[in-house]
Amino acid sequence: MLSGLVDVPTLLELCLAGWVVYGLLTALYNIYFHPLRQFPGPLAARASNGWKLYMEVFRQESPAHLLQKLHQQYGDVVRIRPNELHFSSATAYHDIYNPSARWDKDRVQYESVGADHSMVSLIPYEAAKQRKAVLKSLFSRRAVLNLQGLVRRKVDHLVQVLQQRNEEGKSSDLLMAFRCMALDAATDFCFGTSLDALDVPDFRAPLLVAMDAALPGFAVMKHFPLLRKVALHLPPWLIGAIYPDLVGLPRTQQMLRQQVSNVITHPEILKAKPHPTVYHRLLDPEAQNTNVASREAVLFDEANTLMFEATHTVADPTMFGLFHILSNPVLYERLLDEIRTVWPDASAAPRLEVLETLPLLTATIKESLRMAPGIASPLFRVTPAEGAVIDGQAVPAGATVGMSIYHVHHNGALFANPEHFDPDRWLHGGGDDNEKGAASLDQWFVAFSRGPRSCPGSNLAWCEMYILLSTMLRTFDLRLDRTTANDLAWRDCLVPYFTGRHLHAWCLPSKE
Ligand code: HEM
């Protein structure tokens with residue numbers, strides 16, 4: 001009927017023309033009248049959200065690295081979408097990620113995780129605060145000290161696998177090996193059931209292979225929410241047919257759904273767990289006020305995201321640090337000497353509290369976390385109703401603002417020669433504040449972020465890194481297997497995506 005009044009091509013042309021005019025008017029508004037109009041940035045970024053999409057999805061740029069170039073060109077603040085600012089001066093970091101800044105997270109970034117009920121994706125500050133309070137005791141220092149034996153067992157298991165491989169004449173991909181260890185430790189710690197990734201040959205646990213394969217697609221999922229929703233609901237057989245490397249993801253999620261459904265239907269099974277888990281806390285009616293209808297979604301989303309939050313973040317910096325230790329025989333020897341002072345008998349490993357007293361080991365872990373970010377992308381927040389002052393500049397309410405941890409940790413004024421792996425900087429200082437000594441550097445150690453949304457898992461992460469790194473150095477005579485710095489190249493896909501061959505090493509028996 002309509003085609004009798006207006007012909008269809010004309011209608012389409014009208015729609016298209018309307019869309020173009022709307023786009024142009026929006027671009028003009030964004031450039032000349034938007035509350036953020038005074039902030040510099042590429043013209044296309046100031047005009048439209050499309051610039052960031054184009055850079056991340058079509059040009060496959062690494063945001064953390066691209067932003068470095070933009071700051072060189074535009075200064076300490078860059079407008080990267082009409083309503084979004086990225087900062088680079090170190091003081092801006094503490095303005096944004098500040099204990100008193102009760103700002104919400106940015107919806108676009110955090111909904112892309114696809115787990116809206118998890119702590120990390122809860123947008124409002126208040127909701128996250130409540131959830132954090134519920135889970136806090138699980139991740140406390142006391143809880144971690146009590147469960148350090150669990151981490152020790154996972155690391156010992158890794159040692160056995162590496163010894164076995166060495167006897168078979170094989171070197172090992174230590175990035176994947178460390179990820180298996182971290183996944184097993186986290187799943188045992190959080191759910192009381194390990195995924196046993198270390199038992200899969202060649203460290204090719206399907207979930208870890210899938211997590212890695214999914215990283216380059218993260219930007220697409222962020223910018224195309226509809227596609228994300230469809231992808232998250234595809235059955236495993238179809239995903240396996242389209243992209244076999246990804247199949248571990250839906251399979252593990254199926255397993256998690258079953259686990260969650262079991263604990264909800266039969267909460268008594270939790271009594272058999274060897275220690276309190278995420279499920280105990282989330283199902284404790286006194287601990288939180290989650291309504292029954294969303295209980296299943298909360299448990300599933302929390303379990304699902306914890307596996308991601310606790311695996312690459314621990315393994316990747318440890319791998320990075322180990323590469324630099326193995327590339328520097330003097331540092332390797334100094335670390336070994338220090339570790340032997342508290343670990344003279346190789347068969348009697350010291351407790352975490354003892355390892356923590358070793359200055360060079362501690363400095364090396366910090367330097368590893370500085371060099372390789374657990375999370376690379378800027379973590380965006382939204383300024384509150386009263387607006388904010390960031391790095392001395394007034395930012396209006398409702399603006400999306402953020403700063404990548406990578407930019408703090410690679411700031412040459414804070415960390416002299418920032419691309420150089422130098423644990424000693426944490427012992428003696430090093431940067432424009434050098435005369436104030438090493439202690440002044442600690443304020444710029446932000447690997448776990450700062451403020452109300454900082455990492456609740458940092459105690460567990462430190463525990464794993466201390467035990468893992470010291471054990472690798474004390475147990476093996478490690479030799480690089482044709483690995484060069486090029487093999488450690490990475491692209492920012494929220495977490496680093498290592499594009500090279502990974503760190504491969506021979507794990508020979510220690511000479512004593
Ligand atoms: C070296 C290892 C780790 C690093 C570098 C790291 C880093 C971070 C960072 C930077 C954030 C802030 C994210 C944001 O602002 O959205 C974060 C959040 C989080 N991390 Fe970690 N993390 C590590 C290990 C862990 C572990 C082992 C767990 C749990 C077992 C964990 C659980 C979480 C959770 C639940 C959040 C969300 C907190 C919130 O949004 O309020 N992380 N982590």
Side-chain angles (χ1 to χ4, degrees), residues 64 93 96-99 101-107 109-113 115-136 138-140 143-144 147 150-151 154 178-179 181-191 277-278 281-282 298 301-321 365-366 368-382 401-406 408-409 445-466 468-469 494-496:
Y93 193 87
I96 300 172
Y97 307 95
N98 188 296
R102 299 170 172 190
W103 303 354
D104 293 347
K105 284 189 167 181
D106 169 48
R107 205 166 276 285
Q109 180 175 37
Y110 286 93
E111 284 184 352
S112 64
V113 173
D116 296 351
H117 301 275
S118 66
M119 186 197 307
V120 72
S121 294
L122 288 174
I123 305 298
Y125 160 82
E126 277 303 332
K129 186 176 153 205
Q130 281 177 20
R131 180 71 58 79
K132 227 166 196 164
V134 173
L135 295 177
K136 201 168 137 200
L138 282 182
F139 297 109
S140 67
V144 170
L147 287 180
L150 179 158
V151 175
K154 301 300 171 198
F178 291 176
R179 286 179 181 173
M181 191 297 295
L183 180 62
D184 286 356
T187 47
D188 209 344
F189 191 96
C190 296
F191 319 129
T277 65
V278 168
R281 297 297 302 149
L282 291 177
V298 170
D301 281 359
E302 206 63 88
N304 193 16
T305 47
L306 276 168
M307 291 189 308
F308 285 85
E309 285 147 359
T311 302
H312 289 219
T313 49
V314 171
D316 299 8
T318 314
M319 175 281 297
F320 217 86
I365 296 174
K366 277 189 193 165
S368 307
L369 284 161
R370 183 190 73 79
M371 285 290 278
I375 300 182
S377 288
L379 300 160
F380 286 105
R381 307 288 187 258
V382 177
V401 294
M403 181 166 169
S404 164
I405 290 166
Y406 179 76
V408 181
H409 284 170
F445 178 77
V446 295
F448 297 100
S449 189
R450 295 285 174 105
R453 306 300 295 265
S454 63
C455 178
S458 60
N459 290 319
L460 176 61
W462 275 106
C463 169
E464 289 183 53
M465 292 183 78
Y466 269 112
L468 176 58
L469 195 56
L494 183 64
V495 296

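Ligands are counted one by one from 1 in listed order, and the atoms in each one are counted from 1 as well. Residue numbers run from 1 in the order of the sequence given.
- Residues meeting the ring-ring contact (aromatic ring centres under 6.0 Å, His included) test with Phe308, sequence neighbours left out: none.
- For the residue pair Tyr93/Ser449, the side-chain donor-acceptor check at 3.5 Å is satisfied.
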For a quick test of your reading: what N or O donor-acceptor pairs under 3.5 Å do the side chains of residues 458-466 make, sequence neighbours left out?
| unit_1 | atom_1 | unit_2 | atom_2 | d |
| --- | --- | --- | --- | --- |
| Asn459 | ND2 | Phe139 | O | 3.0 |
| Tyr466 | OH | Thr362 | OG1 | 2.7 |

Could you list each N/O atom of ligand 1 together with any protein N/O atom closer than 3.5 Å, one pair per line with the distance?
| unit_1 | atom_1 | unit_2 | atom_2 | d |
| --- | --- | --- | --- | --- |
| ligand 1 | 15 (O) | Tyr110 | OH | 3.4 |
| ligand 1 | 15 (O) | Arg381 | NH2 | 2.7 |
| ligand 1 | 16 (O) | Lys105 | NZ | 2.8 |
| ligand 1 | 16 (O) | Tyr110 | OH | 2.6 |
| ligand 1 | 40 (O) | Lys105 | NZ | 2.8 |
| ligand 1 | 40 (O) | Arg453 | NE | 3.4 |
| ligand 1 | 40 (O) | Arg453 | NH2 | 3.4 |
| ligand 1 | 41 (O) | Lys132 | NZ | 3.2 |
| ligand 1 | 41 (O) | Arg453 | NE | 3.0 |

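- Using a 4.5 Å cut-off on side-chain heavy atoms (C-beta onward), Arg370 and Phe320 make no contact.
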In residues 371-380, what donor-acceptor pairs under 3.5 Å come from side-chain atoms, sequence neighbours left out?
| unit_1 | atom_1 | unit_2 | atom_2 | d |
| --- | --- | --- | --- | --- |
| Ser377 | OG | Asp492 | OD1 | 2.7 |
| Ser377 | OG | Asp492 | OD2 | 3.1 |
| Ser377 | OG | Leu494 | N | 3.4 |

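- No side-chain heavy atom of Asp316 sits under 4.5 Å from any side-chain heavy atom of Phe178.
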